[in-house]
Visitor: 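What follows is a structure written as structure tokens; I'll ask about it next.
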Amino acid sequence: MTELLQWARHHWRRLSHGRTQGEDERPYNYASLLACGGKSSRTPRPAGKHRVVIPHLQCFKDEYERFSGTYVNNRIRTTKYTLLNFVPRNLFEQFHRAANLYFLFLVVLNWVPLVEAFQKEITMLPLVVVLTIIAIKDGLEDYRKYKIDKQINNLITKVYSRKEKKYIDCCWKNVTVGDFIRLSCNEIIPADMVLLFSTDPDGICHIETSGLDGESNLKQRQVVRGYTEQDSEVDPEKFSSRIECESPNNDLSRFRGFLEHANKERVGLSKENLLLRGCTIRNTEAVVGIVVYAGHETKAMLNNSGPRYKRSKLERRANTDVLWCVLLLIVMCLTGALGHGIWLSKYENMLFFNIPEPDGRVISPVLTGFYVFWTMIILLQVLIPISLYVSIEIVKLGQIYFIQSDVDFYNEKMDSTIQCRALNITEDLGQIQYLFSDKTGTLTENKMVFRRCSVAGFDYCHEENAKRLESYQEAVSEEEECTDTLGGSLSNMARPRAQGCRTVPSGPLGKPSAQLSGSTSAVGNGEGSGEVPHSRQAAFSSPMETDVVPDTRLLDKFSQITPQLLTRLDGTAQSSPLETLYIMDFFIALAICNTVVVSAPNQPRQKIGLSSLGGMPIKSLEEIKNIFQKLSVRRSSSPSLAGGKDSSSGTPCAFVSRISFFSRPKLSPPMEDESSQMDEIPQASNSACCTETEAQNRAIGLSVSSAEALSGPPPLASNLCYEAESPDEAALVYAARAYRCTLQSRTPEQVMVDFAALGSLTFQLLHILPFDSVRKRMSVVVRHPLSKQVVVYTKGADSVIMELLSVAASDGTNPEEQQMIIRERTQRHLDEYAKRGLRTLCVAKKVMSDTEYAEWLRNHFLAETSIDNREELLVESAMRLENKLTLLGATGIEDRLQEGVPESIEALHQAGIKIWMLTGDKQETAVNIAYACKLLEPDDKLFILNTQSQDACGMLMSAILEELQKRAQVSPELASSRKNFPQPPDAQGQGRAGLVITGKTLEFALQESLQRQFLELTTWCQAVICCRATPLQKSEVVKLVRNHLHVMTLAIGDGANDVSMIQVADIGIGVSGQEGMQAVMASDFAISQFRHLSKLLLVHGHWCYTRLSNMILYFFYKNVAYVNLLFWYQFFCGFSGTSMTDYWVLIFFNLLFTSVPPIIYGVLEKDVSAETLLQLPELYRSGQRSEEYLPLTFWITLLDAFYQSLVCFFVPYFTYQGSDIDIFTFGNPLNTAALLIILLHLVIESKSLTWIHMLVTVGSILSYFFFALAFGALCVTCNPPSNPYGIMQKHMLDPVFYLVCVLTTFVALLPRFVYRVLQGSVFPSPVLRAKYFDRLPPEERAEALKRWRGMAKVNHVASKHASQSAAMSGRPTPGSSAVLAMKSATVSTVEQSTRETALDRGCSEPGASKMTGSSAS
């Protein structure tokens, strides 16, 4: 033992001293890649040279100033501006916009005397107004951040003062690197600090990371090795060590470094020793740590990427049309320049028109035309809508306000509503074509309930538990009503102390710290974090999850595990004890193979000694130990274990027990790949299960003796609080507790389990090998308290566990034969569980000899202490351990569908959205969930892609594609000739198709050679299910579809493994479920339930797209219509750049008089009510096809603007032709008529006029007249030599003026009005037909909607029969004749039933045309 201990010390010192400051660091974290399937949510910053942290003490003063004193302090500033740099920096940022630069160029150009068109001040006014509005908005937002930063920086914590020799109150902003900080229970950690002391007897500190990642379950952090054994609090004055660690980076899952003592001995540091800023101390009285990262160098602040910015599809389209407007402007200016040059050429000899310069030089017509070109640029500048971008921002803020105010999105249980995190892509919600969804926690509740299990080859149905689930009403449960509520005010951060936190007595180092005052939500807002709940409840602990009813037969067998039974067994025992031991090991594995944190709120935690055995009879201990040794050796597949020595005499065993730092737990996200469940699938009957079990009993020859059912869990168990990192782990622990195998406590060194009649069993915890997406399993290595042997308990996906089982021995020994039988039966049970939609999990074990364990430990120690490729080496080490396993059994966990998921998916399908399910579950489970949530229909043709090679994958896809094309009557040649992945014919014509592809085949399909074929295949399928998909594959699929099909994509998920998929999609939606807030923080929108997605897309998405697209078109229309008035006037003034309108009126016309109505329209317009949009999801298709804003629509709008401007100019022109009115008197009716035309044009386009619309419209007209009257009365010499004095006053008394305005408005708007009337009556669009429903009484409306849906079903049936008939050899058949007859009857029936209104006549025409088209095919 001494030699081995010296060997370990020697290698530890050699490896730790070999760590130099110049060593290269990995620029990314492999563990984070495993958790996210290959890509982390944010690329970690590469670490440069190491950081040296010197304690902030007097004895280290010089060294501290050289190292730690150079680092930033803990003050944070999330604001962008200061008082000094606000104006220059804001202007600099605003002039990054091309439109602002364009108008700045015009302002500068207008200062050139030769091309001056307006007064210099007037030209500056639009730009100044726009810049001012945006600057005010930015300033208010920055001031809000400043107030939050101020509150956070002034929070109080306890910092050790080297002058006063005690802990004193100090503001967070004054904390520096190297400071010692003392925190009490429920306090928030102010900076990243290494944990040096904890009042917990095991050196454990429990933290809640909800302020960082949103997860409310507790996590453990450990005191630095060597400080755990201290009886008293660490004294900073006696601290003589220094810390060397990696440079600041944003990788939350990695921390590398070492603590070097004065004697040059080094102790390794990991993330388990690091307390991160923003987390909260829980269930721990007090902790002491030393700050290593402060302020903006903390990991929380480095992960604060600020608000997300995406450019919407509509905005990109608008930018393109702005360029068309620029081209139109250039053409108009060239026309003006050319016209002015020609005009001057005609009058070249007339001095009245061609005035020479003061020096007598005459400017040539060509040069004058060049000057006029720039003058026209200034004059017609309004053609480019400078106010459009400001209006779009205001409209989007209004849209977001109404979305967040929708009470239908409010979740009462979580006290949360929708979050709009991206402010500039609301209109994209109305154009989604592909939806990619996670399954667990997104479509399901993520509330895992232990449903069935298979142990030693026997299936246990748990029928009583199934009946409990069926009768369970979650809404009645009081505990479920008391779920977490999110806090949102700055005054709610201070919390009462938890019951488990005792008052810390005052000691020599200072008084206990007071409760923090301030705001946890402030921390979240300042650091990009989530909000923290006011009252914390253990995650995954609803009664539905915790109250497991044991299976009667399994309980009978479990009750046989007693000390008396084990003492009666001898070494010749065969079947019965083997099954009994399997059951015992199975439940032990469920209880300890996890990372669940156990806490007892009302009792102080006590450390359980390794010798403690609870209520075990001491007299039978040795006999039980010998039996376990014999049976374990006999079951083991390793021949070296046959001669295993007693643990008390084995040197490796003693050596391992002395090295406590090897038992360092590694908290990990548990099984993310295992499958999931739905409760709609009927369960097997109890009699069938019992019959199968009895037959298996007879086959193996086991007899089951009846025994009394065990009583419920011990009283202490009901008070235990299990803090699990995933619902899977919690469900298994609660299942084990239901069978009196209760997890009592967990420390870094040991796990205590109360095992029914055997009493308390304390397992020495040697290692935890965490779950990752490569291995798809987790393991714990323990020393069994009875056999004293090293046992590996493993749980994971059946696809990997089955491959790691030991192979049957060639001699056909009885245990090996039974293991093969158990394996075959368990596989059948797993397949049955998956078909029922249950999440499946395999449980196995392995017994190691001390020699084997010591050999593995040597290699694992090298992996743990390495710097380069440390994570990869740890994975390889784990895979060397997890082999030759013995299968114990399997579990089936139920995960119910969320409320409203089937209805939502059906509505989204009807809306034309193709839905893909991307999940890590088994194929059978994923397919069953797809059927349950109506992603797949019972009559869908299902194709499965599951191949083992890339060539086979390509051939199978070709075969499936050929079959689909045959069903759709499309030849392969024609299909292959099409480009850009055309959509197949209407799915209703040939029946729906679904595609299922496994993770391995998906890897082949994503290869560049098969991508096009794979995408073409998926376009023919209405639903695609990717099972066993890794997080990296999810993001690659979304990226492939988005980039190659050029469609709008939406990804929705709830966990960290969905982050990459969410960020790749055009719109990412996070579900704030039970797996933390990582997905929410990476998303554009956050909802609490999947069913909210239907209203978000079908209602608000449709509204936002319709409103914004029409508003943008209206801006182009009104600018072109008004600017053309100036352009037509140039034909009558020699293209001189003169305006018939006063410059002030010209500027205010677009800036003030016509700016508010379109903004109100963009915020409040509702073409169809929310109820109708939800009842008729097919209305959403108009947004997918961008029907409101097509290129043709844009040009038609411009043509209409040209027509209206011609009418608006020439009606007054011919009215006043031959009169002696001046230029402004002629321009005044033009302005007035243009204002009326433009505003009434918006009234015609509005589908829902409210009093707000009318108020704003009338207000704009009145403001124009008020300004014109005031301007004409007061401004005598405002714009010399022009004089607008008294013009409006004269016109107000002239009847001709009113006649001109009315006639001009009528003639200009008549075509638009007639078109809208005809569109609404003769050829209405589906949206207009649906709009009519909103005006009907409730009874008639319901009947009209019923006829609409009924006609759609008739069309579907007729089209389906027509396709089937046409697919039969192409000859006329009686079937096809029947179909044609049915179509005729359908058309006549529809026409007869819809003669009441013009709306319904419009409804019949598409149906008839569709059916006629189907028959033609």
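Computed from a prediction, not measured in an experiment: that's the story for all the values here. For the numbers below, each heavy atom of this structure counts, side chains included, while hydrogens, waters and symmetry mates do not.
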Visitor: Do you know which two heavy atoms are closest between Leu275 and Val287, and how far apart they sit?
Guide: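 Taking Leu275 first and Val287 second, the nearest heavy atoms are CD1-CG2, 4.4 Å.
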Visitor: I want to check a possible cation-pi pair here: Arg277 against Tyr293, using under 6.0 Å from ring centre and within 45° of the ring axis as the test.
Guide: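 Judged by the rule, Arg277 and Tyr293 form no cation-pi pair.
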Visitor: Going by an N to O cut-off under 4.0 Å, is there a salt bridge joining Arg182 and Glu233?
Guide: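 Salt bridge: yes.
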Visitor: Give the minimum heavy-atom separation between Met752 and Thr762, together with the two atoms involved.
Guide: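 Smallest heavy-atom distance, with atoms named: CG-OG1, 3.7 Å.
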Visitor: Could you walk me through whether Phe180 and Phe239 satisfy the ring pair (Phe, Tyr, Trp, His ring centres under 6.0 Å) test, starting with their C-alpha distance in whole Å, then the side-chain angles of each, then the deciding distance to 0.1 Å, before giving a yes or no?
Guide: CA-CA 10 Å; Phe180 287 88; Phe239 188 84; 5.3 Å; yes
Visitor: Donor-acceptor check, side chain of Thr747 to backbone of Glu749, threshold 3.5 angstrom: yes or no?
Guide: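 Yes: the side chain of Thr747 pairs with the backbone of Glu749.
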Visitor: I want to check something: taking the side chain as every heavy atom from C-beta on, are Lys173 and Leu155 in contact at a cut-off of under 4.5 Å?
Guide: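 They are not in contact (no side-chain heavy atoms under 4.5 Å apart), so the answer is no.
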Visitor: Main chain of Glu187, side chain of Thr280: is a donor-acceptor contact present, judged purely on distance under 3.5 Å?
Guide: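 Flag not set: sc Thr280 to bb Glu187 has no pair under 3.5 Å.
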Visitor: How long is the straight-line distance from SG of Cys205 back to CD of Glu272, given to the nearest 0.5 Å?
Guide: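 Taking CD in Glu272 and SG in Cys205, the distance rounds to 12.0 Å.
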Visitor: Could you tell me whether a side-chain N or O of Asn249 sits under 3.5 Å from a main-chain N or O of Ser247, the two making a donor and an acceptor?
Guide: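 It does hold such a pair.
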Visitor: Identify, with sequence neighbours excluded, every residue that meets side-chain contact (heavy atoms from CB on, under 4.5 Å) alongside Asn73.
Guide: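 Here the qualifying residues are Arg75, Thr176.
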Visitor: What heavy-atom pair brings Pro190 and Asn74 nearest, and what distance separates the two atoms?
Guide: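 It is O-ND2, 3.0 Å.
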Visitor: Answer yes or no: is there a side-chain heavy-atom contact under 4.5 Å between Ile189 and Ile281?
Guide: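 Yes. Closest side-chain heavy atoms under 4.5 Å.
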Visitor: Looking at Arg51 and Glu246, is any side-chain nitrogen of the basic one under 4.0 Å from a carboxylate oxygen of the acidic one?
Guide: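 No, no charged N to carboxylate O under 4.0 Å.
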Visitor: I need the minimum non-hydrogen distance between Ile156 and Asp169, along with the two atoms involved.
Guide: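 Closest approach of Ile156 to Asp169, heavy atoms only: CG2-CB, 3.7 Å.
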Visitor: Any donor-acceptor pair under 3.5 Å linking the side chain of Asn174 with the backbone of Cys170?
Guide: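 No; judged by distance alone, with no hydrogens or angles, the pair does not exist.
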Visitor: I'd like to know whether Leu769 forms a side-chain contact (heavy atoms from CB on, under 4.5 Å) with Val780, so could you lay out the CA-CA distance, the side-chain angles of the two residues, the decisive distance to 0.1 Å, and finally the verdict.
Guide: CA-CA 6 Å; Leu769 305 179; Val780 292; over 6 Å; no
Visitor: When you compare the side chain of Ile290 with that of Met193, does any pair of heavy atoms fall below 4.5 Å?
Guide: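 Contact flag for Met193/Ile290 side chains = no.
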Visitor: Got a second to check how far Ile76's CD1 is from Thr298's OG1, nearest 0.5 Å?
Guide: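 Reported value, rounded in 0.5 Å steps: 8.0 Å.
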Visitor: Not counting sequence neighbours, which residues clear side-chain hydrogen bond (donor to acceptor under 3.5 Å, both in side chains) with Ser198? List them please.
Guide: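 Ser198 satisfies side-chain hydrogen bond (donor to acceptor under 3.5 Å, both in side chains) with no residue once adjacent residues are dropped.
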Visitor: Any sub-3.5 Å donor-acceptor pair from Asp754's side-chain atoms to Leu761's backbone N or O?
Guide: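 No: the side chain of Asp754 does not pair with the backbone of Leu761.
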Visitor: The criterion is side-chain hydrogen bond (donor to acceptor under 3.5 Å, both in side chains); which residues satisfy it with Ser877, sequence neighbours excluded?
Guide: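 Applying side-chain hydrogen bond (donor to acceptor under 3.5 Å, both in side chains) to Ser877 gives Trp856, His860.
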Visitor: With side-chain contact (heavy atoms from CB on, under 4.5 Å) as the test, would you mind laying out the steps for Val781 and Tyr853 before giving the verdict?
Guide: CA-CA 10 Å; Val781 186; Tyr853 176 64; 4.0 Å; yes
Visitor: With side chains defined as the heavy atoms from C-beta onward, is the minimum distance between Ile181 and Val288 less than 4.5 Å?
Guide: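 No, too far: nothing below the 4.5 Å cut-off.
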Visitor: If you round to the nearest 0.5 Å, how far is CZ of Arg221 from OG1 of Thr284?
Guide: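 Going from the OG1 atom of Thr284 to the CZ atom of Arg221 covers 12.0 Å.
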Visitor: Minimum heavy-atom separation for Leu765 to Arg746, with atom names?
Guide: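 In this case the closest contact between Leu765 and Arg746 is CD2-NH1, 4.2 Å.
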Visitor: Do Tyr722 and Glu729 get their side chains close enough for a donor-acceptor pair, meaning under 3.5 Å?
Guide: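 Not at all, the side chains of Tyr722 and Glu729 share no donor-acceptor pair under 3.5 Å.
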Visitor: When rounded to the nearest 0.5 angstrom, what is the spacing between SG in Cys279 and NE2 in His206?
Guide: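 Answer rounded to 0.5 Å: 14.0 Å.
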Visitor: Check the angle between the aromatic planes of His261 and Tyr227 and answer parallel, tilted or perpendicular using the 30° and 60° thresholds.
Guide: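 If you compare the ring of His261 with that of Tyr227, the planes turn out tilted.
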Visitor: Does the side-chain contact (heavy atoms from CB on, under 4.5 Å) test come out yes or no for Trp172 and Asn154, once each step is laid out?
Guide: CA-CA 6 Å; Trp172 278 25; Asn154 290 324; over 6 Å; no
Visitor: Any side-chain heavy atom of Leu302 sitting closer than 4.5 Å to one from Lys299?
Guide: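 No, every pair of side-chain atoms sits at 4.5 Å or beyond.
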Visitor: Quick one: pull up SG in Cys245 and CZ in Phe255 and give me the separation to the nearest 0.5 Å.
Guide: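 It comes to 4.5 Å.
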Visitor: Mind checking whether Pro248 and Tyr71 have side chains closer than 4.5 Å, heavy atoms only?
Guide: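 No, side chains not in contact.
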Visitor: Side chains of His784 and Val790, heavy atoms from C-beta outward: is any pair under 4.5 Å?
Guide: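 Counting from C-beta outward, His784 and Val790 never come under 4.5 Å.
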Visitor: Looking at Glu164 and Ser161, what are the two nearest heavy atoms and their distance?
Guide: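 Minimum heavy-atom contact is N-OG, 3.2 Å.
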Visitor: Passes side chain to side chain donor-acceptor pair (under 3.5 Å), Asn186 versus Arg282? Steps please.
Guide: CA-CA 6 Å; Asn186 293 337; Arg282 297 290 190 199; 2.6 Å; yes
Visitor: Nearest 0.5 Å, please: how far is CG in Asn273 from CG in Leu259?
Guide: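 If I round to the nearest 0.5 Å, the distance is 9.5 Å.
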Visitor: Under 4.5 Å between any side-chain heavy atoms of Glu260 and Arg266, yes or no?
Guide: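 SC-SC contact between Glu260 and Arg266 confirmed.
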Visitor: Please step through side-chain contact (heavy atoms from CB on, under 4.5 Å) for the pair Glu297 and Val72, ending with a clear verdict.
Guide: CA-CA 8 Å; Glu297 293 180 341; Val72 299; 3.5 Å; yes
